[in-house]
Asks: 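Quick one: this structure, given as C-alpha cells, is what I'll be asking you about.
We number each residue from 1, following the sequence as shown. Small disclaimer: the values here were computed from a predicted structure and weren't measured.
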Amino acid sequence: MAELQIKPGTKLQVAFDVPMGQKTDFNMMATFKEAIDDAYFLISAPMLAGKPLLLDENQKLLMQYSVGDNTFMIAAYPEAVQKAGIRTYWKMRQVAEQRTFFKRRDERFKVAMRVEYQRDNVDNPETEDAMTVDVSAGGVAICLNEYPDVGEALQVQMPAVRLQGQRHELPVQLGIVCWVRQAPKGSLYRNVCGLQFRYANDLERETVKEYMGYVREKYKM
C-alpha cells in the first residue's frame, strides 16, 4: 500500500463507515499529522459536537479531504493513542480503500444489470460475472466475488440495451478500481467495488454517455 501523500495540517472530514446504500455522514473533523509508513498515519482525535471522539479499535472511519478540484477519501481503523509533546494523536491503520471523487459531470443512478469483466493484469484472464449497483458515464459500482486491488484495471463488458426495437451496445470499457469493500449480508456476491472509466478520447466518452442515456430511458430513471 503506497504511503499517503497528504500535507501535514490538512483538514479531514470524518465519518463512521456505514453499510453500502446508507448515507455517509461526515459530521466530524480532524487534522492530518503525518504518515508513519505505508500502513500507518497520525491524525488528531476527531471532534464530534465539540467533543473528542472516544477511540474504538473496531470502528472503521472514513476520512475525506480536498486537493484542488478533487476530493479524496481514505479508510482506516484507530489503533492507539499516541503523544507528541503536549498534543495527543490517534494512530490509524489504513485499509485497502482509497477513493477519488472528481467534481461530478455525470449523474449516477442505481440500476442492477448483469455485466462481465476480466482482470487486466493477469495472463489468460477468465471472464467473470458481476452485477451493477449504480452506473454513470464516468464509471460504475459493481458486486463481484473477487477482491481486486485498488488501482487495478478491469475490462468491463456492459450488457446490450434493447429499446424500441433497437439494440444498443457498448465496446469493452477499461475501469480502474477506486475502492473495494465487503458486500452487505444477503448479497449474492462477496464484495463491491467502484470503477472509474478511463477513456482514450472524448469520442469514447460521448459513446458511453449516449449508452447510459439508453439505460436510463429503458429503466425509466
Side-chain angles (χ1 to χ4, degrees), residues 1-110 133-134 136 138-139 141 143 147-151 176-187 191-196:
M1 188 178 297
E3 184 175 314
L4 293 173
Q5 300 298 316
I6 308 177
K7 292 181 179 180
T10 297
K11 298 299 181 183
L12 306 172
Q13 294 179 299
V14 183
F16 294 120
D17 188 33
V18 295
M20 178 65 64
Q22 294 186 18
K23 182 181 178 181
T24 304
D25 187 7
F26 287 93
N27 60 347
M28 295 175 280
M29 294 296 298
T31 301
F32 184 83
K33 165 64 174 171
E34 63 185 7
I36 299 174
D37 54 30
D38 289 354
Y40 290 92
F41 58 95
L42 297 179
I43 65 169
S44 63
M47 300 296 291
L48 177 61
K51 297 181 179 180
L53 187 67
L54 296 178
L55 187 144
D56 180 354
E57 296 179 355
N58 298 313
Q59 177 61 65
K60 182 179 176 182
L61 298 177
L62 304 178
M63 285 150 282
Q64 183 172 274
Y65 64 98
S66 297
V67 179
D69 288 342
N70 297 335
T71 299
F72 300 85
M73 185 160 68
I74 54 177
Y77 286 92
E79 285 208 347
V81 173
Q82 186 165 318
K83 294 285 187 177
I86 62 172
R87 298 186 181 276
T88 301
Y89 297 96
W90 282 13
K91 182 180 180 181
M92 306 294 295
R93 174 174 57 85
Q94 185 184 357
V95 294
E97 178 170 354
Q98 184 166 356
R99 314 181 198 180
T100 306
F101 297 94
F102 296 92
K103 286 188 174 179
R104 192 174 297 285
R105 294 190 293 171
D106 310 298
E107 184 178 359
R108 189 175 293 268
F109 51 96
K110 293 184 179 297
V133 177
D134 55 49
S136 78
C143 292
Y147 197 97
D149 295 326
V150 173
I176 306 301
V177 178
C178 297
W179 54 267
V180 187
R181 65 169 61 177
Q182 188 175 8
K185 290 184 177 180
S187 173
N191 301 303
V192 185
C193 79
L195 299 173
Q196 180 188 354

Asks: Looking at CD of Q13 and OG of S66, how far apart are the two atoms once the value is rounded to the nearest 0.5 Å?
Replies: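 So the CD of Q13 and the OG of S66 are separated by 7.0 Å.
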Asks: Are I6 and Y65 close enough that some pair of their side-chain heavy atoms sits under 4.5 Å apart?
Replies: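 In short, these two side chains touch, coming nearer than 4.5 Å.
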Asks: Look at the side chain of T31 and the backbone N and O of G9, then say whether any donor-acceptor pair between them is shorter than 3.5 Å.
Replies: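 Not confirmed, T31 side chain does not pair with G9 backbone.
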Asks: State the CD-CG distance between E34 and L42, to the nearest 0.5 angstrom.
Replies: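 Result: 5.0 Å between the selected atoms.
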Asks: May I ask you to test the D56-P78 pair for a side-chain heavy-atom distance under 4.5 Å?
Replies: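 Of all side-chain heavy-atom pairs linking P78 with D56, none is under 4.5 Å.
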Asks: Can you tell me how far the CG atom of L12 sits from the CD1 atom of I43, to the nearest 0.5 Å?
Replies: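 Separation between the atoms: 6.5 Å.
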Asks: What's the shortest heavy-atom distance between A15 and D25, and which atoms?
Replies: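 For A15 versus D25, the nearest heavy atoms are CB-O, 3.1 Å.
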Asks: Side chains of K91 and I36: closer than 4.5 Å at any heavy-atom pair?
Replies: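 Of all side-chain heavy-atom pairs linking I36 with K91, at least one is under 4.5 Å.
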Asks: Hey, does F26 have a side-chain heavy atom less than 4.5 Å from the side chain of M73?
Replies: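 Contact flag for M73/F26 side chains = yes.
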Asks: Any side-chain heavy atom of F41 sitting closer than 4.5 Å to one from Q94?
Replies: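 SC-SC contact between F41 and Q94 confirmed.
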Asks: So how far is it from I176 CD1 to C178 SG, rounded to the nearest 0.5 Å?
Replies: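 The distance works out to 8.0 Å.
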Asks: Hey, does the side chain of S187 reach the backbone of P184 with a donor-acceptor pair shorter than 3.5 angstrom?
Replies: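 Answer holds: no.
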Asks: What's the verdict on side-chain contact (heavy atoms from CB on, under 4.5 Å) for V177 and Y147, showing C-alpha distance, side-chain angles and the deciding distance?
Replies: CA-CA 10 Å; V177 178; Y147 197 97; over 6 Å; no
Asks: Nearest 0.5 Å, what's the CG-CD distance between L54 and Q59?
Replies: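 If I round to the nearest 0.5 Å, the distance is 12.0 Å.
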Asks: Is the shortest side-chain heavy-atom distance between L62 and F16 below 4.5 Å?
Replies: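 Not touching, per the 4.5 Å side-chain cut-off.
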Asks: When you compare the side chain of F32 with that of M63, does any pair of heavy atoms fall below 4.5 Å?
Replies: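 Heavy-atom side-chain distance check fails, nothing below 4.5 Å.
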Asks: So, are E79 and R93 salt-bridged, with charged N and O less than 4.0 Å apart?
Replies: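 Salt bridge present between E79 and R93.
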Asks: Before giving the answer on side-chain contact (heavy atoms from CB on, under 4.5 Å), spell out for V192 and V180 the whole-Å C-alpha distance, their side-chain angles and the decisive distance to 0.1 Å.
Replies: CA-CA 6 Å; V192 185; V180 187; over 6 Å; no
Asks: Take D134 and F109, measure what side-chain contact (heavy atoms from CB on, under 4.5 Å) needs, and give me the verdict at the end.
Replies: CA-CA 5 Å; D134 55 49; F109 51 96; over 6 Å; no
Asks: If every non-hydrogen atom of A30 is compared with every non-hydrogen atom of P46, which pair is closest and at what distance?
Replies: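 Of all heavy-atom pairs spanning A30 and P46, the closest is CB-CA, 4.0 Å.
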Asks: Nearest 0.5 Å please: distance from the OH atom of Y89 over to the NZ atom of K33.
Replies: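 Y89 OH to K33 NZ: 4.5 Å, rounded to 0.5 Å.
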Asks: Any side-chain heavy atom of L61 within less than 4.5 Å of one from M92?
Replies: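 Yes - at least one pair of side-chain heavy atoms lies under 4.5 Å apart.
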Asks: Between N191 and R181, is a side-chain contact (heavy atoms from CB on, under 4.5 Å) present by the stated rule, with each step listed?
Replies: CA-CA 6 Å; N191 301 303; R181 65 169 61 177; over 6 Å; no
